[in-house]
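Okay, structure first, notes after.
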There are 2 protein chains.
Amino acid sequence: MNIGEISERSGLPAKTIRYYEDIGLITPDRSENGYRLFGAQDLHKLTFLARARALGFSIEDCRTLMALYEDDTRASADVKHVAIQHLHRIEEKIEQLQSMRQTLSHLVSTCAGDNRPDCPILKDLATAKL
Amino acid sequence: MNIGEISERSGLPAKTIRYYEDIGLITPDRSENGYRLFGAQDLHKLTFLARARALGFSIEDCRTLMALYEDDTRASADVKHVAIQHLHRIEEKIEQLQSMRQTLSHLVSTCAGDNRPDCPILKDLATAKL
DNA sequence: GCAATCCTTCCTTCGACTGGAAGGTGCTCG
DNA sequence: CGAGCACCTTCCAGTCGAAGGAAGGATTGC
């Protein structure tokens with residue numbers, strides 16, 4: 001199939017697919033006219049990539065995962081390792097954001113939100129330390 | 001005080017402070033030799049900025065907040081509005097990440113993590129839809 | 001014969017800095 | 001008085017990730 005069709009099927013923009021080829025994540029065949037020619041395996045890979053990206057894996061993570069995906073002799077421990085690392089990164093990020101949320105929602109709750117200029121949010125921002 | 005001192009006191013790199021001046025967030029005086037000259041008010045503003053950035057407010061948010069900060073006739077509702085918007089963005093991000101975390105941790109828990117090549121993580125990534 | 005789809009290449013975007021080079025200033029030591 | 005050094009200035013370029021867009025041309029399908 002051509003890039004348009006696989007784009008539709010994988011849900012990835014054609015531009016992104018070309019980009020993934022560029023950076024070596026996939027290597028589709030070419031037909032005589034120079035058009036990229038994708039097979040079922042490519043569809044799997046692109047679905048894989050779309051899914052992994054949606055889960056927040058970086059392109060470099062994806063590169064690792066793809067290599068493992070293609071390696072029949074891989075150890076599942078290796079895959080698990082990448083996934084766990086990413087999981088940790090996600091959990092850290094969540095904690096950071098939760099901390100921000102707490103501070104912010106506290107600030108918001110202390111602010112009258114009326115027409116007066118007096119605002120605890122600004123007051124806090126101007127003085128508080130981390 | 002010079003940029004070095006206020007950098008130390010505000011915790012922001014000198015480079016960043018110059019950048020903030022560049023984009024119009026602050027407008028420090030200049031002494032005769034051309035050096036930037038910062039006062040207590042500038043320290044407040046930079047502390048404000050450092051704090052707001054640490055809470056994840058974008059530079060554009062900061063611009064809005066600074067304008068409100070400087071406007072004695074502001075309504076606290078306006079500040080609250082900006083903060084609430086940001087709070088919503090944070091909460092959305094948290095939800096996304098939590099969803100990722102759940103999927104990932106489920107995947108991780110299903111993977112043996114041994115020397116065999118069989119890996120549910122890869123299997124899922126290659127087939128699952130969003 | 002013409003629109004849709006494909007190709008390539010190069011440039012641009014976003015956000016928020018960060019680095020580095022080249023050169024002026026100011027303080028101290030001898 | 002001069003050397004040396006820290007500190008300051010400006011300006012230009014680059015970073016990161018992940019594409020997006022426009023230009024200009026070839027091919028295919030109806």
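The sequence lines fix the lettering, A, B, ..., with proteins before strands; numbering per chain opens at 1.
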* Structure fact -> Taken to the nearest whole Å, CG/B:Asp29 to P/D:dC8 is 16 Å

* Structure fact -> Whole-Å distance, A:Glu5 CD to D:dG29 P, equals 13 Å

* Structure fact -> Whole-Å distance, A:Met1 CE to D:dT28 P, equals 19 Å

* When you check the phosphate oxygens OP1 and OP2 of C:dT8, does a side-chain N or O of A:Arg30 lie under 4.0 Å from one of them? -> yes

* Asked: For the pair made of CG in A:Asp22 and P in C:dT9, what is the distance, rounded to whole Å?
  -> 9 Å

* D:dC8 C1' sits how many Å from B:Ile17 CD1, rounded? -> 13 Å

* Taking the side chain of B:Ile3 as its heavy atoms from C-beta onward, which of D:dT9, D:dA19, C:dT8 lies nearest to it? -> D:dT9

* **Nucleotide nearest A:Tyr19 when distance is taken to its side chain, options C:dA16, D:dA19, D:dT10** => D:dA19

* Interface residues of residues 32-44 of chain B with DNA chain D (non-hydrogen, below 4.0 angstrom) -> B:Gly34, B:Tyr35, B:Arg36

* Asked: Which whole-number value in Å describes the distance from A:Glu60 CD to D:dT15 P?
  -> 16 Å

* To do: Quick one: label B:Arg18 by what it contacts on the DNA or RNA (base, sugar-phosphate, nothing), any heavy atom closer than 4.0 Å.
  => base

* Rounded to 10 degrees, the angle between the two terminal axes of the helix from C:dG1-D:dC30 to C:dG30-D:dC1, each from five pairs -> 10°

* May I ask you to decide whether B:Glu21 forms a salt bridge with B:Arg18, counting only side-chain N to carboxylate O separations under 4.0 Å? => no

* Asked: Picking from D:dA18, D:dG20, D:dT9, which would you name as closest to the side chain of A:Ser58?
  -> D:dA18

* Quick one: do A:Asp118 and A:Arg116 make a salt bridge, cutoff under 4.0 Å? -> no

* Structure fact -> From CZ of B:Arg53 across to C1' of C:dA16 the rounded distance in Å is 6 Å

* Check: B:Ser76 side chain, A:Asp114 main-chain N or O, donor-acceptor pair, under 3.5 Å -> yes

* Take atom CG in B:Asp71; do more than 12 heavy atoms of anything else shown fall under 6.0 Å from it? -> yes

* To do: List in chain and number order the residues that pass ring pair (Phe, Tyr, Trp, His ring centres under 6.0 Å) with B:Tyr69, two or more places apart in sequence or in another chain; answer none if no residue qualifies.
  => B:Phe48

* Asked: Should the pair A:Arg51-B:Asp124 be classified as a salt bridge under the 4.0 Å nitrogen-to-oxygen rule?
  -> yes

* Can you tell me how far P of D:dT15 sits from CD1 of A:Ile59, to the nearest Å? -> 19 Å

* Asked: Going only through I, L, V, M, F, W and Y residues with side-chain contacts under 4.5 Å, is there a path from A:Ile3 to A:Tyr35?
  -> no

* **SB check B:Arg53 B:Asp61 (cutoff 4.0 Å)** => no

* Student check: side-chain heavy atoms of A:Gln98 and B:Ile94 closer than 4.5 Å -> yes

* Structure fact -> By nearest-heavy-atom nucleotide on DNA chain D, the more 5' of B:Lys15 and B:Asn2 is B:Asn2

* OP1, OP2 of D:dA18 versus side-chain N and O of A:Thr16: anything below 4.0 Å? -> no

* Charged N-O contact under 4.0 Å between B:Arg89 and B:Glu95 -> no

